[in-house]
Amino acid sequence: MEEVKLKLRQAVEWPLRHPEAFTRLGIRPPRGVLLYGPPGCSKTMIAKALANESGLNFLAIKGPELLSKYVGESERAVREVFRKARAVAPSIVFFDEIDALAGERGSSSGSGGVGDRVLAQLLTEMDGIEQLRDVTVLAATNRPDMIDKYMIDQVKGQLAACVL
Ligand SMILES: Nc1ncnc2c1ncn2[C@@H]1O[C@H](COP(=O)(O)OP(=O)(O)O)[C@@H](O)[C@H]1O
Ligand SMILES: [Mg+2]
C-alpha cells in the first residue's frame with residue numbers, strides 16, 4: 001500500500017497543506033482522486049486512514065445515501081455537501097461507492113433520470129464557476145466501468161486515479 005499512500009499524500013494532502021508551494025512552482029494539483037479496485041481491497045479503509053492521518057476536515061458520503069425519490073432533493077443534497085466542505089476548508093469530500101451517483105447518463109438509477117441530474121450537479125460542483133478552492137474530492141468504486149465517461153474525460157488531467 002506504500003505507493004497508494006504516497007500518491008494520496010501527493011494528490012490530496014500536499015496541495016491542501018502547502019498551497020503556496022504549488023502556486024510558486026506553477027503546478028495545478030488534481031481536483032480529485034478516484035480509488036478503484038475489487039470489493040474488499042481496502043478502498044474505504046484507506047480513505048478513513050487518510051482522514052485520520054491528514055488531520056484535514058473530512059466529509060464522508062455513501063453514494064446511495066444521497067439518492068432521493070423526490071424531485072430536486074438529490075441535487076440539493078450534493079450542493080449541501082459541497083457547501084459544507086467549502087465552509088470547513090481545507091477539506092476532503094469522500095464519495096464512497098460513487099457508481100451509485102455518477103453512473104453512465106441515460107442508464108441512470110431510478111425513474112425520471114435522478115442519476116443524470118445528480119451527475120450534472122456533481123460536475124457543476126467539481127468544474128463550475130465557483131472554484132473548488134481547498135476542497136479535494138475523493139471517490140471510491142469497484143465499478144470504474146460504470147462511471148460516466150464524460151465525468152472522467154472532464155476531470156482528466158486533474159484527476160489522479162489510484163489503482164488499488
Ligand atoms: N490492506 C489491508 N490490511 C488489513 N485489512 C484489510 C486490508 N484491506 C482490506 N482489509 C480488510 O477488509 C475489510 C474490507 O475493506 P474495505 O476497505 O471495506 O474494502 P472496499 O471498500 O475496497 O470494498 C476491511 O474492513 C479490513 O478488515
Ligand atoms: Mg467500500
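Just follow the structure's listing: the first ligand is 1, and inside any ligand the first atom is 1.
Heavy atoms from other residues, nucleotides or ligands lying under 6.0 Å from CD of E3 number 12 at most.
Shown here for G63 and A100, the closest heavy-atom pair between the two residues is C-CB, 4.1 Å. Scanning both residues, D96 and P64, for their nearest heavy atoms gives O-CD, 4.5 Å.
For a threshold of 3.5 Å applied to N or O pairs, the pair formed by M1 and ligand 1 contains no separation below that value.
Take a cut-off of 2.8 Å around the Mg ion (ligand 2): the protein N, O or S atoms inside it are T44 OG1.
Side-chain contact check for V137 versus L122: every heavy-atom pair is 4.5 Å or farther apart.
The heavy atom nearest to atom 19 (O) of ligand 1, considering only S42, G37, A47, is found in S42.
Partners of E75 under the side-chain hydrogen bond (donor to acceptor under 3.5 Å, both in side chains) rule, at least two apart in sequence or in another chain, are R117. In this view, E80 and R83 satisfy the salt bridge (Lys or Arg N to Asp or Glu O under 4.0 Å) rule, not counting sequence neighbours.
Its side chain within the 4.5 Å cluster rule, W14 clusters with F22, L25, I27 among the Ile, Leu, Val, Met, Phe, Trp and Tyr residues.
Annotation for ligand 1: atoms under 4.0 Å from non-hydrogen atoms of P39 are 23 (O).
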